[in-house]
Trainee: 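For reference, the structure I am asking about is given below.
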Number of protein chains: 4
Amino acid sequence: MSDLDALARRLEQFADARDWAQFHTPKNLAMALAGEVGELVAEFQWLTPEQATTLMTEDAEAAARIRAELGDVTNYLVRLADVLGVDLVEAAHAKIDANEMRYPANTYRGSTRKAPSDH
Amino acid sequence: MSDLDALARRLEQFADARDWAQFHTPKNLAMALAGEVGELVAEFQWLTPEQATTLMTEDAEAAARIRAELGDVTNYLVRLADVLGVDLVEAAHAKIDANEMRYPANTYRGSTRKAPSDH
Amino acid sequence: MSDLDALARRLEQFADARDWAQFHTPKNLAMALAGEVGELVAEFQWLTPEQATTLMTEDAEAAARIRAELGDVTNYLVRLADVLGVDLVEAAHAKIDANEMRYPANTYRGSTRKAPSDH
Amino acid sequence: MSDLDALARRLEQFADARDWAQFHTPKNLAMALAGEVGELVAEFQWLTPEQATTLMTEDAEAAARIRAELGDVTNYLVRLADVLGVDLVEAAHAKIDANEMRYPANTYRGSTRKAPSDH
């Protein structure tokens, strides 16, 4: 069993033990994911790019908060995908496959512009 | 190598081949993650809870879009954690450990109220 | 002076009095807005649609938190628009003008599907 | 009637003309708001702080997209507040009142640390 499958099973047991599966609808889990990502973004909002880059080694309290937020985001993402029946790793690789086609390395080297169909 | 480690290495190669690592600062990746989660949430916004629950089997186009959005979210989350040096699976289990203490099954069964320190 | 202009001026004075204008870049304010919207969404995440609809009159504590979150979201949105030089009310009406063209009432009555160009 | 009240009435008429009020529950509108804020954040994600600051005058296409996203965010925020019966300008000023107490100018000048109760 992969790491993410094991995590999905533990999250299911956690929810079942509390009779929380009833709340774990796709809509609700997507909202919870958005809420946790908001908390994660907030950790970085006032930092300079340089401060954000060195934060994990230079601010132990902030590093612990960020680790906790990343854990929350991961848990809701894994739970949402599990409820929807989606394999996250497969979906992620499929998206990179598509992006390799849309963003040829030679054309987009050093550029942040979007591929034509994105707007 | 775990599934997520393999994904992180592929994402790093994808970025390096395009000289995009310069853009992949923690702040920028957190913003990209928020953007993709916004797109994921938008897929569910007008659905009834029931429609959202059966969507993956009853609407092939929506299912494909949601799979793609979940792939995008996973990729930015894995890339952000990689840049920050955080192990997502470890962080996720640590958060469940903490939640098992904060939300004893007997006290919180069937309840959505937050543990006291959250407000 | 409109209500929003007065609010923008008060927010500018609040920032200037604390020498915080240096932090109020468009990127940082967009992140702060995303963080506050995440907190707002989190208030509704576990509620049934019915509970969410009656919340403001039936749960005084939740109502106060939601009012505070709406205040935070408004403040960062107004501050961001001010820093960017955008008139929010004008931008909002322009978007409704566009949506009146894209979503003719007769074609989209009772339907949540998106206009063709959105995907 | 204030600018925001006029906007709220126009949004209500827009929804009623399409029989969309049934979809405009607090949960759904909060999700729509999160989706639009995600699109707004995405406009800034790969820019340097300097590029983001000069964008509105130096990139007419990006400026038009950002104006449109700010319009979308405003519309969903105003509509959500209207459905909840919250006066956004009042809520915004109440939050600044509170922040003036929590963040005395002398103590927090030039500092981005949070007031104690926030963590």
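Residue numbers start from 1 in every chain, and the chains themselves are labelled A, B, ... in the order their sequence lines are given, proteins ahead of strands.
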Trainee: Go through the steps to decide whether E58(A) and Q51(A) satisfy the test side chain to side chain contact (heavy atoms under 4.5 Å, CB included), and finish with yes or no.
Mentor: CA-CA 9 Å; E58(A) 304 206 346; Q51(A) 288 170 328; over 6 Å; no
Trainee: Please state whether the side chain, the backbone, both or neither of L29(A) comes within less than 4.5 Å of a heavy atom of chain B.
Mentor: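 It is neither, since no heavy atom gets under 4.5 Å.
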Trainee: Identify which of A98(A), A92(A), A94(A) forms the greatest number of heavy-atom pairs closer than 4.5 Å to chain B.
Mentor: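 Of the options given, most contacts go to A92(A).
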Trainee: Verify side chain to side chain contact (heavy atoms under 4.5 Å, CB included) between T74(B) and V89(A), making sure each step is shown before the conclusion.
Mentor: CA-CA 8 Å; T74(B) 302; V89(A) 171; 5.8 Å; no
Trainee: Examine whether an atom of T57(A) lies under 4.5 Å from a heavy atom of chain B, and if so say whether it belongs to the side chain, the backbone or both; otherwise answer neither.
Mentor: neither
Trainee: Using the rule given for side chain to side chain contact (heavy atoms under 4.5 Å, CB included), can you reason through R79(B) versus E12(B), listing the C-alpha separation, both sets of side-chain angles and the distance that settles it, and then say yes or no?
Mentor: CA-CA 8 Å; R79(B) 181 74 176 140; E12(B) 184 182 36; 3.8 Å; yes
Trainee: What part of A34(A) gets closer than 4.5 Å to chain B, counting heavy atoms only: side chain, backbone, both or neither?
Mentor: both
Trainee: Give the minimum heavy-atom separation between N106(A) and R109(A), together with the two atoms involved.
Mentor: OD1-NH1, 3.4 Å
Trainee: Between CG of D16(B) and CZ of R9(B), what distance do you get to the nearest 0.5 Å?
Mentor: 9.5 Å
Trainee: Measure distances from L40(A) to the heavy atoms of chain B and classify the residue's part below 4.5 Å as side chain, backbone, both or neither.
Mentor: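 For L40(A), the side chain is the part near chain B, not the backbone.
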Trainee: Counting heavy-atom pairs closer than 4.5 Å to chain B, which one of A52(A), A30(A), P49(A) comes out on top?
Mentor: A52(A)
Trainee: Among P26(A), A91(A), G85(A), which has the most heavy-atom pairs under 4.5 Å with chain B?
Mentor: P26(A)
Trainee: Determine whether R67(B) and M56(B) make a side-chain contact, defined as any pair of heavy atoms from C-beta on separated by less than 4.5 Å.
Mentor: yes
Trainee: What residue, out of L80(B), I96(B), V78(B), L11(B), has the most heavy-atom pairs lying under 4.5 Å from chain A?
Mentor: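 Ranked by heavy-atom pairs under 4.5 Å with chain A, first place is I96(B).
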Trainee: Does R10(A) count as lying over the ring of F14(A), i.e. NZ or CZ under 6.0 Å from the six-ring centre, within 45 degrees of the axis?
Mentor: no
Trainee: Q45(A) versus chain B, heavy atoms under 4.5 Å apart: side chain, backbone, both or neither?
Mentor: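 Only the backbone of Q45(A) comes within 4.5 Å of chain B.
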Trainee: Under 4.5 Å heavy-atom distance to chain B, tell me which part of L55(A) shows up: side chain, backbone, both or neither.
Mentor: neither
Trainee: How long is the gap from CG on L88(B) to CG on L4(B), to the nearest 0.5 Å?
Mentor: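 So the CG of L88(B) and the CG of L4(B) are separated by 6.5 Å.
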Trainee: Tell me, do E100(A) and R18(B) make a side-chain contact under 4.5 Å, heavy atoms counted?
Mentor: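 In contact.
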Trainee: When only pairs under 4.5 Å are counted, which of T48(A), D19(A), D87(A), N75(A) shares the most heavy-atom pairs with chain B?
Mentor: N75(A)
Trainee: Look at P104(B), A6(B), S111(B), A63(B) and state which one has the largest set of heavy-atom pairs under 4.5 Å with chain A.
Mentor: S111(B)
Trainee: For D97(A), is it the side chain, the backbone, both, or neither that has a heavy atom closer than 4.5 Å to a heavy atom of chain B?
Mentor: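 For D97(A), the contact with chain B is made by backbone and side chain together.
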Trainee: So which part of Y108(A) gets closer than 4.5 Å to some heavy atom of chain B, the side chain, the backbone, both or neither?
Mentor: both
Trainee: Name the member of V41(B), L84(B), T53(B), V83(B) that forms the most heavy-atom pairs with chain A at distances under 4.5 Å.
Mentor: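 Winner by heavy-atom pair count: L84(B).
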Trainee: Can you tell if the side chain of V73(A) reaches within under 4.5 Å of the side chain of V37(B), non-hydrogen atoms only?
Mentor: no
Trainee: Below 4.5 Å, heavy-atom pairs only: which of T107(B), L70(B), T25(B), N28(B) has the largest tally toward chain A?
Mentor: L70(B)
